[in-house]
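All values below were derived from every heavy atom in this structure, side-chain atoms included, with hydrogens, water molecules and symmetry-related copies excluded. All chains are named by letter (A, B, ...) in the order of the sequence lines, taking the proteins before the strands, and each is independently numbered beginning at 1.
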Amino acid sequence: MKKLHDELQDLGRFSEPALLILISLADGPKHGYAMTQDIEVVSGQKLGPGTLYGAITRLEGRGWIEPLPSEDRRRPYRLTGAGQRVLKHRLDTMKAVAKIGAQRLADA
Amino acid sequence: MAEPGGIWRSLMRGAVRTYPRAWRRRYDVEMLALIDDMPAGPRPFANLVRASGREWARTLGRSGPRHLAGLSAGILEDAGVIALQAVLLAGCLAGVLAVLFPADGGELSIFGAVPLNPGTGIQFVSLALRIAVLMRIVVAALTWAYRRGGAEPQRSSWWFGSVLLSFFVANSVQEILAIRLRVWPRMSELEILFGQVPTFIWAAAISLAADGSTGRDVLRLLRRSLTPLTRQRSRS
């Protein structure tokens, strides 16, 4: 389990955009523009086109997302099984950290 | 759907052409579709230019010898930014000092001690570039350690550029004070050389702090980077 977490962290400056993309794809395939809109709604962050495709390149390279055939120029992507596992592990970690933080705030 | 045309959209489309060919072969069409869909402007354009630099660095780093990958990628990514910032700051600093501290007799000088002329101007630029190169070496070593360990640096190269600026200001003040206090003429060349050691250590500390790495992170990455690749592969 620890190894999966480290893998996402290893994306360095792309780890946060990568996490947002994985979350965006969690409810189904999306193409680039749909991802940027969804990410803006979910997190309030506006990913630039270079940042988005920088992260997509790395996520695809690691086999965490995969392209689907497209009929026009907009190519949709979907999560792979490995991507789902990485995302789930990361969300579990974040949930645990948030729980501890909230608990400590309540105790203070 | 965003409005069609516009200078920024054209620039953004042009920026996609600056990506490496292999990358464009795979992502060009969908990236251009994204650009056509989204609002154009200076920020997404700048984002594309930076991302293009990163992809070039990544591509060239991969095609070169494995152990140089991190170095070449880091250098290509940062060198232009750092050199430009250093030269600009050198000019600004020299100009401001000359205005604030004019020498007697109408000659411009720094603190009334160092005459400001083309010769000292060149020294400032030279100093800026030397510091830029030294800082770059530290940053490149860290980048190499990260990438050899299969990771990427934690922070943007633009962050390193900002750190360089503050480092340059501090070092310039230090050197100006040394000139004003006339320390240099009393020192041998060897002493001056050894006097640079604290500067290197300072540069290394600032670089590591800017990267957000802890000492343990760096040790772990260095250990991984020194592990022969064959052992890393067999382990994975």
Side-chain angles (χ1 to χ4, degrees), chain A residues 2-21 24-25 29-41 45-63 65-78 82 86, chain B residues 1-2 9 12-13 15-16 18-20 22-24 26-55 57-59 62 77 143 146-147 149-159 211-213 217 220-221 224 236:
Chain A
K2 178 78 167 69
K3 191 164 182 284
L4 290 174
H5 173 72
D6 285 343
E7 278 177 352
L8 194 53
Q9 290 286 64
D10 282 352
L11 290 176
R13 67 180 68 131
F14 288 102
S15 63
E16 195 184 341
L19 175 64
L20 293 171
I21 290 171
S24 178
L25 296 180
K30 289 183 187 66
H31 57 70
Y33 187 55
M35 275 186 239
T36 59
Q37 287 189 309
D38 184 52
I39 287 167
E40 194 173 354
V41 169
Q45 288 189 48
K46 211 168 187 171
L47 288 192
T51 306
L52 179 78
Y53 267 90
I56 285 177
T57 306
R58 285 155 180 79
L59 286 170
E60 193 186 348
R62 287 172 188 243
I65 63 173
E66 63 187 4
L68 296 171
S70 68
E71 291 171 2
D72 65 359
R73 299 187 305 153
R74 294 164 189 80
R75 186 186 292 275
Y77 288 86
R78 75 171 166 209
V86 170
Chain B
M1 188 79 80
R9 196 173 308 286
M12 286 165 69
R13 292 178 71 89
V16 176
T18 66
Y19 273 73
W23 189 93
R24 275 190 289 141
R26 168 66 187 82
Y27 295 103
D28 189 58
V29 174
E30 50 193 286
M31 176 68 111
L32 289 173
L34 172 64
I35 288 170
D36 288 342
D37 285 344
M38 68 184 307
R43 287 186 73 170
F45 169 69
N47 182 266
L48 277 169
V49 171
R50 285 183 59 190
S52 167
R54 284 195 192 125
E55 288 306 328
R58 193 161 167 260
T59 304
R62 274 179 172 176
E77 195 173 333
T143 306
Y146 270 107
R147 294 195 175 162
E152 297 213 20
Q154 299 298 306
R155 296 281 171 89
S156 151
S157 59
W158 296 78
W159 180 259
D211 186 65
S213 304
D217 289 336
R220 183 173 57 86
L221 285 161
R224 281 175 67 182
S236 63

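Contact record, B:E55 with A:G54: OE2-CA, 4.0 Å, taken as the closest heavy-atom pair.
For B:Y19, the part lying under 4.5 angstrom from a heavy atom of chain A is the side chain only. Heavy atoms closer than 4.5 Å to chain B are found nowhere in A:S70, neither backbone nor side chain.
Evaluation of the side chain to side chain donor-acceptor pair (under 3.5 Å) rule for A:Q37 yields A:Y33 as partners, not counting sequence neighbours. Checked against side chain to side chain donor-acceptor pair (under 3.5 Å), B:R43 has no partners two or more places apart in sequence or in another chain.
For the set A:R73, A:K46, A:R75, A:H31, the entry with the most heavy-atom pairs within less than 4.5 Å of chain B is A:R73. Most heavy-atom pairs under 4.5 Å with chain A, from the set B:L34, B:V49, B:V16: that is B:L34.
B:S52 contributes a side-chain N or O that, together with a main-chain N or O of B:T18, makes up a donor-acceptor pair within less than 3.5 Å.
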